[in-house]
Structure formats: structure tokens, C-alpha cells
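Have a look at the structure below before the remarks.
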Amino acid sequence: MFELLNNLQVPNCQMDFSFNVYALTLIFFGSITLLLSLYILNNETGTVKWVGVMLLSNSIWAVAYGLELGSTTLEQMKFLINIEYVGIVSLPVNWFIFCINLAGKEKWIKNTGNKLLISIVPVITLLLVWTNDLHHLHYHSLSVDTSGNFPVLKIVRGVSYYLFTTYFYILLCIGNFLLIKKFSKSDAVYRKQNRIIITGALLPWVANFCYLLGLRPIANVDATPFAFLISSTLVFIAIYRFELFDTLPIAREKVLELMQDGFIVLDHQNKIIDYNPAFKKYTCARQSGEIVGKNIKEILPGQHELIQFLDLHQSGKIELIVETTDGTFDLEADVSILNENKLNRNVTIIKFQDLTNLRQEALKSKQQAEELQKLNQLKDRIFSIMAHDLRGPLLNLAEVLKMTSDDTISAEEFKILSPNLTKDISYTTDLLENILHWSRSQLKGYGINRDYFDLEKLILSEINYHLKSANSKKIEIIEDISVEIIAFADLLMMQMVIRNLISNAIKFCHIDCFIKITASYIDKDYVGVSIRDNGVGIAQKNIQRIFNGENVSSRGTQNEKGTGIGLMVCWDFMARNDGVITIKSEEGKGTLFNLKIPRHSI
């Protein structure tokens with residue numbers, strides 16, 4: 001090998017080498033780096049290919065500098081330094097492009113202006129080095145220092161040298177910043193790979209800085225190419241030993257990121273050693289450092305049942321309710337204990353499945369089913385009423401009219417029957433009104449026509465409407481409204497509510513009872529209406545059924561018919577108008593209905 005190197009020719013001179021351990025080290029490892037670079041360039045693409053280009057620049061610098069350290073003449077050293085600079089000026093550029101691609105910023109380098117920006121300094125520097133004898137801008141002077149164990153090129157730096165060094169440091173600084181920023185956000189499982197890359201990035205900084213400060217193992221020997229060799233080796237190890245750019249770990253990271261369920265991995269002390277992004281929303285922690293290494297008790301405080309379950313060291317499922325600043329989550333924790341070979345310490349994997357939406361949907365479906373069941377029951381009740389209660393009075397009326405037309409009954413007999421017919425027709429009319437108004441309100445797209453209206457005028461109108469039926473039972477209706485009361489609701493709906501409550505009070509009052517109706521402003525948002533009677537009252541079990549929206553019917557004090565639809569309509573119409581209706585009643589003493597009707601839009 002020495003004979004081959006000694007026979008190399010340079011312009012106008014015979015190559016003369018005297019190799020030492022430093023020269024041979026650089027040549028040997030530089031040659032290996034060259035082979036590695038060629039292997040990567042032939043077999044890899046994308047970001048990894050830039051590692052190959054970087055290794056190629058490094059190998060040119062290392063081999064040429066090794067030959068320079070083995071040279072004995074100034075001319076030979078100057079020739080070799082010209083070759084070295086092909087690698088020196090391209091290495092920081094290639095390192096910077098590698099960092100840009102690794103950080104996911106490759107779009108930046110595709111811009112033509114950016115390419116020119118980072119390449120103009122290396123090109124100019126290389127030209128200045130090759131023509132240095134004409135201007136001495138890069139090196140003021142070059143000489144051979146023979147004071148050591150072997151001859152070394154002694155350099156007196158020029159302006160161009162310092163400018164390129166500044167450029168060199170700027171690219172290294174930006175590249176390292178991008179790497180650190182990238183790795184600070186990556187998964188904890190990649191820590192070994194990340195540490196190797198960061199170490200490889202910092203080594204050339206340290207070596208070159210020491211060289212510039214004069215901290216050198218041997219005078220005038222630059223340790224920077226040695227550092228770049230180590231750096232390149234570390235990157236190579238990260239790629240092929242820890243699979244830095246392999247599809248599997250990258251796919252794993254992406255899969256974990258896309259998973260909707262939260263995952264954590266616990267060590268034998270229940271400390272979190274890994275997790276996926278979806279798990280964060282179940283905690284108050286937002287940074288990786290706030291989760292990794294912490295005990296699960298700290299990350300999920302108050303989950304005593306989960307901790308007790310983990311202490312059993314058994315696989316299984318347990319349900320949790322977790323409260324965070326983002327809301328309350330209903331979770332199912334699927335715990336898996338991994339220790340199949342019984343040699344390693346336990347590792348626990350927990351999958352957190354969010355059941356919040358499922359539970360809410362299930363509850364909503366249950367409520368809808370219950371509501372549908374009530375509506376079906378009500379529908380059956382209405383059809384039953386229409387088939388019997390409506391049909392009966394109408395058939396009676398038709399039969400009496402037919403008998404009158406046929407002179408089957410006399411005028412005196414008709415007068416005797418007319419009070420009952422009047423009651424039947426009145427009952428039928430009220431029933432039809434309730435059914436029609438309620439049915440219309442249930443139609444899809446039916447709108448509530450809310451507006452301001454005079455509540456006192458409405459109450460007086462309804463009192464007049466019921467005055468005849470009240471007088472027939474000698475019931476006194478007392479109205480106590482001292483001021484004009486304005487409410488905001490659907491007038492027709494409120495009319496039906498008050499009409500049904502007055503009708504209900506009359507029906508369940510004995511002869512000589514009273515009904516008292518009052519209205520006043522409760523507060524700035526509501527008007528209050530109370531309808532009190534001293535009739536028979538309502539049983540507590542029936543009050544509860546009314547509150548539950550059930551259909552409750554019973555006959556009045558004079559055997560008046562009832563369907564229960566009236567109170568159901570009252571409850572429905574008050575709710576639709578953002579109002580409230582309450583009942584207070586005691587059997588044998590009477591009933592009090594309290595209404596709260598909005599004064600304005602709420």
C-alpha cells in the first residue's frame with residue numbers, strides 16, 4: 001500500500017509520503033466511509049440518500065487530509081488541500097440538507113432561490129482556495145511545521161477562511177436546532193436513535209471549536225474531520241442498527257398518532273414509560289415530560305378502583321369516569337399484563353376506550369324509546385276516546401234529533417233531555433279542541449307563535465266562557481288581578497292551558513264551592529298565575545302520575561266525564577313556551593295550580 005501511495009504523481013513533482021498513525025487512521029476510516037457512502041447512494045432514497053452524500057463529502061475530506069498528514073513537502077500538501085476543500089465546502093451543505101429533510105422541511109430546499117443561497121458561499125470559497133496563490137484571501141501564508149514528530153502544514157488564516165467558518169457554523173447551528181426541535185416531539189421509544197443523532201451533530205462543533213481555540217492534541221492538526229467521521233458512523237449506526245428511517249417505526253408512530261383509543265405502557269412500578277397522543281385528553285398533562293416517568297396515580301388521580309385492579313396483576317376490563325378541563329369522559333380500561341416468559345418484570349398495557357358518546361347515544365335512545373312508548377299509549381288512548389267518548393254523545397244527539405223529526409218525542413220530553421245533550425255537546429267540543437290543538441302541536445314543522453299579549457284580558461275571557469257551567473253548580477269564580485299583566489307566549493296555547501285548568505276546577509268542585517284566580521309579576525322574567533279551588537283535591541299518587549306525563553282521568557263531582565288529555569295538554573304547552581306548571585293538592589280540601597309564564601324571550 002505504501003509503495004502504491006509513494007508512486008502517486010502530482011503536477012511537476014513525485015509524491016512523497018511518510019505515514020503516521022493519524023494519517024493512516026484517516027485514510028482507513030475515510031476509505032470505509034467512502035464505501036458506505038457508495039452503498040447508501042446505490043440502495044437508498046429520500047432522506048437516507050442525503051446521508052450517503054454527506055458520507056461521500058466526509059470521505060473526500062478524510063482521505064485527502066490523511067494523505068496531507070502523510071506528506072513531507074509544501075507543494076504536495078497544497079495540492080491535497082485543494083482536494084480536501086471539495087469535501088470541506090460540501091459537507092456542511094449536505095449536513096444541512098440532511099437535517100432539513102429529517103425535520104420534514106424538504107419543501108424549503110426545493111425552492112431555487114434557497115438552493116442558490118446555501119451553495120454560493122461553498123462555490124466561492126472553493127474557487128478562492130484553488131486560486132489562493134493569486135490573492136491570499138483564504139490563507140495569508142502556508143508553510144511546513146517540522147517541529148513535531150511528523151511534518152504538518154502550518155496555516156495563517158485569511159478573511160475568506162473566517163467568512164467560510166462563520167457560514168459553516170450557521171449551517172451547523174440551524175441544522176442542529178431543527179434536529180433538536182424534531183426529536184423533542186418524537187416518541188419516547190426513539191430515545192436511543194435520537195441521542196445518537198444529536199451526539200453526532202454536536203461532535204463536529206466541539207472538535208472545530210477546539211481547533212480554532214488552539215486546543216489540539218498535536219499542533220496544527222485539525223480534529224474536525226476525525227469528529228465528522230465519528231458523527232457519520234453514529235448516523236450510520238442509527239439508520240441500520242436502530243432502524244431510524246425504516247418503514248416499521250415510522251408507521252408505528254403514525255398508527256399510534258391516528259388511534260382514537262388512548263394507550264399507555266406501565267412498568268412494574270406502575271410508572272408510565274410510553275403512551276400515544278390520544279391518551280393526553282384524559283389527563284391534565286400536555287407535555288411528554290409531564291407524563292413519561294410519572295406514576296399512573298399522579299396522571300389519573302382519584303382512580304382508586306383502577307389502582308386496586310392493577311395491584312392484582314391480572315388482565316381484564318374496568319370502567320372509569322375521568323374528569324379533566326376538557327370535560328367528563330366515561331372510559332373502559334382494558335388492562336393487559338405482559339410477562340409470558342416469567343423472567344422479565346411485568347409490563348402493563350392499558351387501552352382506554354371512550355364510551356362517552358356510546359353511553360349518551362344509548363341514554364338518548366332509551367329516552368326516545370320511552371317517549372315513543374308514551375306517545376303510542378297516548379295515541380291508543382286518543383283513538384279509544386274518539387271511538388267511544390266522541391261517538392257516544394254524537395250518536396245520542398243524532399238519535400234525539402231523529403226522534404224529534406219523526407215526532408216520536410214531544411217538545412216537553414225534548415226539553416227534559418236537552419240539559420244532558422248540552423253537557424254532552426259541551427264535553428265533546430272541549431275534547432275535540434284539546435285533541436285538535438295537541439295533535440297540531442305535534443306535527444313536524446309546527447311553529448310556536450310567541451308574542452306579547454294581555455294576560456288579564458285572556459283570563460277574563462275564559463272566566464266568561466265557563467261562567468254558565470260554574471253557575472249551574474253555584475260555584476263562585478273570583479278574579480284578583482289589580483294591574484295590567486303582559487306575558488310573552490303563544491296566545492292560543494295559553495288560552496287552552498287556562499281553559500283546561502278552569503274547566504278542571506269546575507268539574508271537581510261541589511255545589512257552593514269557589515275558584516280563585518290571581519295573576520301578578522313574579523320577577524323580571526316571569527308572570528305568575530294561580531288557580532285555586534276548594535273542591536275534592538287530587539290524590540298524591542295521581543299527582544305523581546301527572547308529573548310523569550301519564551294520562552290520568554276521573555269523573556267529576558256530578559259524574560262529569562274526564563279523559564285526562566286536558567292536563568297533559570297543559571303540561572306540554574307550558575313546556576313548549578318555556579313556562580312552568582306546578583300542583584299543590586290535598587284530598588278533601590282542594591287544589592292549587594301555579595303557572596310561570598315568560599315576560600319576554602328567554
Would you compute the distance between atom CE of Met493 and atom CZ of Arg576 and round it to the nearest 0.5 angstrom? 5.5 Å
Nearest heavy-atom contact between Tyr275 and Lys280 is OH-CE, 3.6 Å
For the pair Glu323 and Phe329, evaluate side chain to side chain contact (heavy atoms under 4.5 Å, CB included) and give the outcome as yes or no after the intermediate values. CA-CA 6 Å; Glu323 294 184 1; Phe329 299 94; over 6 Å; no
Pairs involving residues 458-500, ordered by first then second residue, that meet ring-ring contact (aromatic ring centres under 6.0 Å, His included) (sequence neighbours left out): Tyr452-Phe488
To the nearest 0.5 angstrom, please state how far the CG atom of Leu331 sits from the CG atom of Asp261. 9.5 Å
Note, Leu266 side chain near Ile350 side chain (heavy atom, < 4.5 Å): yes
Side chains of Asp274 and Ile264: does their closest heavy-atom pair fall under 4.5 Å? no
Which residues pass the side chain to side chain contact (heavy atoms under 4.5 Å, CB included) test with Ser520, not counting sequence neighbours? none
Minimum-distance pair of heavy atoms, taken over all atoms of Met494 and Phe453: CG-CZ, 3.8 Å
Scanning both residues in full, the closest heavy-atom pair of Ile349 with Val265 reads CG1-CG2, 4.3 Å
Checking Asn295 side chain against Glu298 main chain: does a donor-acceptor pair fall under 3.5 Å? no
All heavy atoms of Lys271 vs all of Gly293, minimum pair found to be CD-O, 3.8 Å
Between Ser315 and Ser336, do the side chains contain a donor N or O and an acceptor N or O under 3.5 Å apart? no
Just checking, any donor-acceptor pair under 3.5 angstrom between side chains of Thr557 and Lys473? yes
With sequence neighbours left out, what residues match Tyr526 under side chain to side chain contact (heavy atoms under 4.5 Å, CB included)? Ile522, Asp523, Lys596, Pro598, Ile602
Would you say Asn577's side chain and Phe573's backbone share a donor-acceptor pair under 3.5 angstrom? yes
Go through the steps for Leu310 and Leu312 under the test side chain to side chain contact (heavy atoms under 4.5 Å, CB included), then give the verdict. CA-CA 5 Å; Leu310 292 175; Leu312 298 175; over 6 Å; no
Short side-chain to backbone donor-acceptor contact, Ser503 and Asn500, under 3.5 Å: no
How long is the span from the SG atom in Cys513 to the CD1 atom in Ile477, to the nearest 0.5 Å? 12.0 Å
Show the nearest heavy-atom pair for residues Phe263 and Asn276, with the distance to one decimal. N-OD1, 2.7 Å
How far does CD of Glu476 sit from CG of Asp533, to the nearest 0.5 angstrom? 13.5 Å
Side-chain heavy-atom pair Ile531, Leu592 within 4.5 angstrom cut-off: no
Might you confirm whether atom CD of Glu370 has over 12 heavy atoms from other residues, nucleotides or ligands at distances under 6.0 Å? yes
Heavy-atom check, side chain of Phe279 versus side chain of Ile299, under 4.5 Å: yes
How close do Tyr521 and Glu484 get, counting heavy atoms only, and between which atoms? OH-O, 3.4 Å
Leu455/Ile486 under side chain to side chain contact (heavy atoms under 4.5 Å, CB included): CA gap, chis, key distance, verdict: CA-CA 6 Å; Leu455 184 59; Ile486 302 299; over 6 Å; no
Residues that Asn504 engages under side chain to side chain contact (heavy atoms under 4.5 Å, CB included), provided they are two or more places apart: Lys507, Phe508, Phe593
How many angstroms lie between CD1 in Ile318 and CD in Gln303, if you round to the nearest 0.5 Å? 8.5 Å
Side chain proximity check, Ile511 to Gln558, heavy atoms < 4.5 angstrom: yes
Heavy-atom check, side chain of Ile506 versus side chain of Ile515, under 4.5 Å: yes
Hey, what do you get for CD1 (Ile475) to CG (Asp512), rounding to the nearest 0.5 Å? 9.0 Å
Does some side-chain heavy atom of Leu300 sit less than 4.5 Å from a side-chain heavy atom of Leu306? yes
If we ignore hydrogens and angles and just use 3.5 Å, is the side chain of Asp267 paired with the main-chain N or O of Asn270 as donor and acceptor? yes
Per side chain to side chain contact (heavy atoms under 4.5 Å, CB included), Ile517 is matched among Ile478, Leu460, Ile498, Ile463 by Ile463
Could you go step by step and tell me if Val347 and Ile337 meet the side chain to side chain contact (heavy atoms under 4.5 Å, CB included) rule? CA-CA 6 Å; Val347 172; Ile337 307 295; over 6 Å; no
Sequence neighbours excluded, which residues qualify as side chain to side chain contact (heavy atoms under 4.5 Å, CB included) partners of Lys317? Glu332, Asp334
Less than 4.5 Å apart, any side-chain heavy atom of His600 and any of Asp525? yes
Does Asn542 use its side chain to pair, donor to acceptor, with the backbone of Ile538 at less than 3.5 Å? no
Donor-acceptor pair, side chain of Glu456 and main chain of Ala519, under 3.5 angstrom: no
Restricting to pairs with a member in residues 353-368, which pass salt bridge (charged side-chain N to carboxylate O under 4.0 Å, His left out), not counting sequence neighbours? Glu319-Arg359, Asp330-Arg359
CZ of Arg450: more than 12 outside heavy atoms within 6.0 angstrom? yes
CD/Glu479: more than 12 non-hydrogen atoms of other groups inside 6.0 Å: yes
